[in-house]
2 protein chains.
Amino acid sequence: MGGGVTAIEQTEAVRPRGTRLPRRARRNQLLGAAQEVFVAQGYHAAAMDDIAERAGVSKPVLYQHFPGKLDLYLALLDQHCEALIQSVRSALASTSDNKQRVRATMDAYFAYVEDDGGAFRLVFESDLTNEPAVRERVDKVTNECAEAICDVIAEDTGLSRAESMLLASGLGGLAQVVARSWLHSDRSVPRDQAVQLLTSLAWRGIAGFPLHGIEQH
Amino acid sequence: MGGGVTAIEQTEAVRPRGTRLPRRARRNQLLGAAQEVFVAQGYHAAAMDDIAERAGVSKPVLYQHFPGKLDLYLALLDQHCEALIQSVRSALASTSDNKQRVRATMDAYFAYVEDDGGAFRLVFESDLTNEPAVRERVDKVTNECAEAICDVIAEDTGLSRAESMLLASGLGGLAQVVARSWLHSDRSVPRDQAVQLLTSLAWRGIAGFPLHGIEQH
DNA sequence: CTGCACGCCGATCTTGACCTCCACGGCTAT
DNA sequence: ATAGCCGTGGAGGTCAAGATCGGCGTGCAG
């Protein structure tokens, strides 16, 4: 009875089996295949056999490129964690107008969840958060993003570090959750409008703290 | 190599082995033990042996009360999902002053994550979201809470249903994420103050939409 | 006193997933 | 052209964890 559905939606045909690739290219291809499978099934439900088959190779080659399943997962995770952190930092540095900063950051989250192959699931919906190595990566993303936001808040409001961090986590969390829920609702509102709406919400909320409130038009 | 740490922090001594209990009491005790283990280790890392040992019984007893591991998990999940939904609904119904509604709701999330044994992890940090039954429960919580908030927003702002839902998910997500992150930071800010701060943020944000903005003092 | 029912336990089975061993085919240097 | 080498493939080992079977002790009805 317990057997769940084993058939997966194959978004792309399985690669022809037997082509020889240079090492680097093969590695990247394996990463791509692994990402598709991990995103579709999660870490635990994903079997190494699935990934190998998806890539059109046999299992030993997989193990010649990655020591184990966890390493493979971590490689992907690191990649996408770094991507989000950089994206958020860029957004915050893209302008000095704080309202535009909020907008750009919000948009960064939306762009991130819309990115290729739903890779954001590895970061935001991982089913391996009990593994310390994974937990560390995910926490790092949350913290680095929150701190980046916190720096701006602390400087422009004069709130304590702890209070600023609380607000920053809140805004980061808001962006993350709402972007996911927006995607999950099949984009029931156009992206621009959604970003605009959330920016209004967040900006009005954050702009009201001490040092602000005054300089707004 | 892959062997992770097997030793768990035992927050409470293992029950003495050999006491006979009536069926109902034993079932409740098993639920309690299971919750402790699932919270501490997550679903996958938690072994039925661990739960049995924690409860001070042998494995067959466990299977005489629950058909399988998943059923045990779902029983706990249902329980705590319903608790949060009810808590949020109560908070929203506790007053007709919208700012106090925000405050009460925010406080409900904080109270929830502070509750006994960190049961909120089962709902907010489950590592079994790929299981449809679990996904369904967790989505239900998010949706029911968002809809409850959405009802208030839609009525008091005149925004479209889709837009209101977006804001509602955002506020729910904000509360959830920030409550978790606050707990994770070892309550670096007193709970009252944190709730107050977040309420300011959320209220200023949400109060600025169409039909509001006017009637605030 | 005695048989019965209930709850409980030690020991075992089986499945499934991660991870390696022996045979094959295409490229290169002479 | 031919011999060697390197990467590939299928089949199998190992082990952990979920799920189960026969026996034991205790308390109560008759």
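Numbers restart at 1 for each chain; the letters A, B, ... are given by sequence-line order, proteins then strands.
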Review point. Taking the nucleotide of DNA chain D with the closest heavy atom to each, which residue, A:D49 or A:V61, is nearer the 5' end?
Key: A:V61
Review point. Has B:R26 got a side-chain N or O lying under 4.0 Å from the OP1 or OP2 atom of C:dC8?
Key: yes
Check your understanding: Atom CD1 of B:I51 and atom P of D:dG18: how far apart are they, to the nearest Å?
Key -> 8 Å
Check your understanding: Has the side chain of B:R23 got a donor or acceptor that lies under 3.5 Å from a partner of the other kind on the base of C:dC6?
Key -> no
Check your understanding: So do the side chains of A:V152 and A:R101 get within less than 4.5 Å of each other, counting heavy atoms only?
Key -> yes
Check your understanding: Over how many whole Å does the gap from B:R27 atom CZ to C:dC8 atom P extend?
Key -> 14 Å
Point to revise | Basic-acidic side-chain contact under 4.0 Å: A:K140, A:E144 | key: no
Review point. Nearest of D:dG9, C:dC9, D:dG18 to any side-chain atom of B:K69?
Key: D:dG18
Check your understanding: Looking across every strand, which nucleic acid part, if any, lies under 4.0 Å from B:A45 by heavy atom: base, sugar-phosphate, or nothing?
Key -> nothing
Check your understanding: Rounded to the Å, how far apart are A:M48 CE and C:dT20 C1'?
Key -> 13 Å
Review point. Picking from C:dC8, C:dC9, D:dG10, which would you name as closest to the side chain of A:P60?
Key: D:dG10
Point to revise | Value in whole Å for how far the P atom of D:dG7 lies from CG of A:L62 | key: 16 Å
Exercise for review: Please confirm whether the backbone N or O of A:H80 pairs with a side-chain atom of A:Y112, one donor and one acceptor, at under 3.5 Å?
Suggested key: yes
**Study point:** Spacing of A:E53 atom CD relative to D:dT8 atom P, expressed in whole Å
**Key:** 17 Å
Point to revise | Under 3.5 Å donor-acceptor, A:Y43 side chain and A:T129 backbone | key: no
Check your understanding: A:F110 vs A:W182 aromatic rings, parallel, tilted or perpendicular, using cut-offs 30° and 60°?
Key -> tilted
Review point. Could you give the CD-to-P distance, from A:Q64 to C:dC19, as a whole number of Å?
Key: 14 Å
Review point. D:dA19 phosphate, OP1 or OP2: any side-chain N/O from B:Y63 under 4.0 angstrom?
Key: yes
Check your understanding: Of all the nucleotides listed (D:dG18, C:dT20, C:dC6), which has the minimum atom distance to the side chain of B:K59?
Key -> D:dG18
Check your understanding: Atom CG of B:L72 and atom P of D:dA19: how far apart are they, to the nearest Å?
Key -> 10 Å
Check your understanding: Rounded to whole angstroms, how far apart are NE2 on B:H65 and P on C:dC6?
Key -> 13 Å
